[in-house]
Amino acid sequence: MSVKQISVFIENKKGKLAEATKFIASHNINLRALSIADTQDFGILRIICEDPEKANEALREGGFLTTMTKVLAAPISDEPGSLAAILEVLSESNVIVEYTYASLSEKHGAYMILRVDDNQVAAAALAGAGIKTVDQADLF
Amino acid sequence: MANYYQPEVECASLEEMRAIQNEKLVKQVKRVYENVEYYRNLMDEKGVKPEDIQSIDDLHKLPFLTKADLRDAYPYGLLGTDLKNCVRIQSTSGTTGRRVVAFYTQKDVDMWEECCARAIMAVGGTNEDVCQVAYGYGLFTGGPGLNGGSHKVGCLTLPMSSGNTERQIQFMQDLHSTIICCTPSYAAYIGETVKEMGLKPEDLDLKAGIFGAEPWTEEMRRNIEKSLGIKAYDIYGLTETSGPGVSFECEEQTGMHINEDHFLAEIIDPETGEVLPEGEKGELVFTSLDKEGFPLLRYRTRDICVLSRKKCSCGRTLIKMSKPMGRSDDMMIIRGVNVFPSQIETVLLKEGYSENYLIEVDRVNNTDTLDISVELTPEQFTDTMKDLTAKEKALANAIKTMLGINPKVHLVAPKTITRSEGKAVRVIDRRKLHD
């Protein structure tokens with residue numbers, strides 16, 4: 001149970017992020033979740049969208065540097081402590097979380113995108129705690 | 001082996017070569033003294049008369065010419081014959097702000113083209129080859145020189161000039177080009193474009209490339225050889241002496257044979273001007289032995305290299321020069337350390353980056369800064385920040401180990417560093433703008 005995320009290399013220069021998002025829009029790609037990590041020189045734009053293969057292909061053809069990674073999408077309830085509960089489960093199973101960000105879908109409400117060192121172990125641990133990670137299709 | 005254009009010269013014994021050089025030098029000095037007032041004054045100042053030069057052993061008595069002299073004498077001051085005897089002008093790009101204009105008689109043009117013909121034959125060129133010349137044509141010597149050499153060998157010559165890269169590749173395919181001549185940075189760009197067009201090196205008939213007019217490294221040679229499926233050979237020259245073909249590589253690829261029957265080479269200590277023995281590193285100095293239009297004697301090239309008479313497996317006896325470690329013009333002094341861009345390029349290519357890079361030097365708060373931007377390849381891009389910052393750090397460390405100074409490395413997206421169709425601009429020194 002994992003989701004495909006596209007990461008795009010963005011130079012830390014004026015207009016570069018706008019250029020990438022404009023490109024994504026012009027290819028009719030609807031974003032479901034997004035996060036940006038950055039250093040002084042460059043950033044990584046991470047996106048979840050409906051047809052990741054097609055979107056990735058389009059971005060590459062458009063000259064963008066991209067890579068696809070499998071990440072987990074875990075639904076999260078709208079109450080205090082629910083993120084802490086997820087992270088605790090992962091920590092107890094010795095799963096290392098590289099990064100995480102939040103998003104919303106109509107079907108599942110709020111959910112967390114998690115990049116971890118071992119998707120299988122993490123998904124199993126979450127399932128054991130009653131948290132069912134979802135598929136790409138479930139997000140749309 | 002029959003790949004010599006003029007075997008009697010290219011394979012001459014040392015004694016034979018000395019005899020050619022002695023005879024030509026004595027005549028040339030006399031002619032220059034008579035015809036070139038500027039150089040006559042330099043000789044008079046030094047108290048040297050044409051009669052003092054009896055053989056190449058007397059060469060060291062002659063005064064040097066430098067780029068500053070060329071500027072002072074611009075445009076006609078170093079002309080060696082009447083203008084009506086000249087048929088051609090070539091000129092440098094003037095990127096360093098000092099344009100050089102050189103004059104050629106028909107004999108000069110023929111000699112220059114013969115030198116290029118020797119270079120083409122040395123890479124296996126014959127009248128069965130199709131030679132695509134993708135150097136710029138015009139005032140720049142690259143296109144006209146190799147074009148003439150290709151004619152002399154009898155190759156079918158494609159005078160493409162540089163640029164319009166997809167068309168270059170289309171011609172390569174349709175007309176089965178076997179030899180390509182251009183700057184190494186343009187060769188690398190053609191290689192990149194071949195891949196982008198979905199072609200493989202096997203789809204081309206190219207077997208050899210002759211690349212010069214800018215410094216390049218062994219790593220870059222290997223990259224070009226792989227991307228175009230060829231053997232890549234170096235060629236050296238300068239407008240001041242003629243153009244490309246002053247020296248050229250043979251199949252051994254271990255340095256360039258100097259056409260020393262036309263260009264007498266010396267290595268000097270750039271500080272003292274003292275002549276150094278064979279095998280020592282120093283500044284390359286050329287004396288044109290038979291140029292008529294622009295006959296420079298003891299011209300300081302500011303290229304740093306080594307000469308060697310070690311026996312070559314190709315059979316040529318012409319003295320060899322090492323690849324210049326960079327023009328002394330290219331050398332930057334950063335925080336008191338001598339830095340050649342080629343040193344940085346060597347590290348970049350070794351670490352798996354491309355030859356598309358930009359070096360920026362500046363001075364902030366009285367301290368020199370060195371910023372190096374390199375393009376990330378799709379294979380190198382990963383999703384996590386820590387991998388990418390580790391890559392930046394590893395590269396900065398490797399450069400620091402090489403130079404002894406700390407650079408700031410910037411990873412940039414592919415295709416963001418401007419490509420060049422001629423000589424690549426890889427260094428921007430902003431300190432000069434402030435001073």
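A note on names: the letters A, B, ... follow the listed sequences, proteins ahead of strands, and every chain is numbered from 1. Any value given below was found using the heavy atoms of this structure, including those in side chains, with hydrogens, waters and symmetry copies removed. These numbers come from a predicted model, not from an experiment.
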Could you tell me whether A:N28 atom CG has more than 12 heavy atoms of other residues or ligands within 6.0 Å of it? no

With rounding to the nearest 0.5 angstrom, report the OG1 to CZ distance, B:T382 to A:F9. 10.5 Å

Interatomic distance, A:F64 atom CZ to B:K415 atom NZ [nearest 0.5 angstrom]: 14.5 Å

Part of B:T416 lying under 4.5 Å from any heavy atom of chain A: side chain

Any side-chain heavy atom of A:I44 within less than 4.5 Å of one from B:D383? yes

Does OH belonging to B:Y137 count more than 12 external heavy atoms closer than 6.0 Å? yes

Around atom CG of A:D135, are there more than 12 heavy atoms from other residues, nucleotides or ligands closer than 6.0 Å? yes

Hey, what do you get for OG1 (B:T384) to CG (A:D117), rounding to the nearest 0.5 Å? 11.5 Å

A:R46 portion near chain B, given a 4.5 angstrom heavy-atom threshold: side chain

Tell me the closest heavy-atom pair linking A:F42 and B:L411, and the distance in Å. CD2-O, 4.1 Å

For a 4.5 angstrom cut-off between non-hydrogen side-chain atoms, does B:H410 reach A:E11? no

Give a yes or no on whether B:L175 atom CG has more than 12 heavy-atom contacts from other residues, nucleotides or ligands under 6.0 Å away. yes

Shortest non-hydrogen separation from B:T389 to A:T39 and the atoms involved: CG2-CG2, 3.9 Å

Side chain proximity check, A:L65 to B:Q380, heavy atoms < 4.5 angstrom: no

So does B:E218 have more than 12 non-hydrogen atoms from other groups sitting under 6.0 Å from CD? yes

Take a 6.0 Å sphere around CD of B:E196 and say whether it holds more than 12 heavy atoms from other residues, nucleotides or ligands. yes

Point-to-point distance, once rounded to the nearest 0.5 Å, from CD of A:Q40 to NZ of B:K408: 5.5 Å

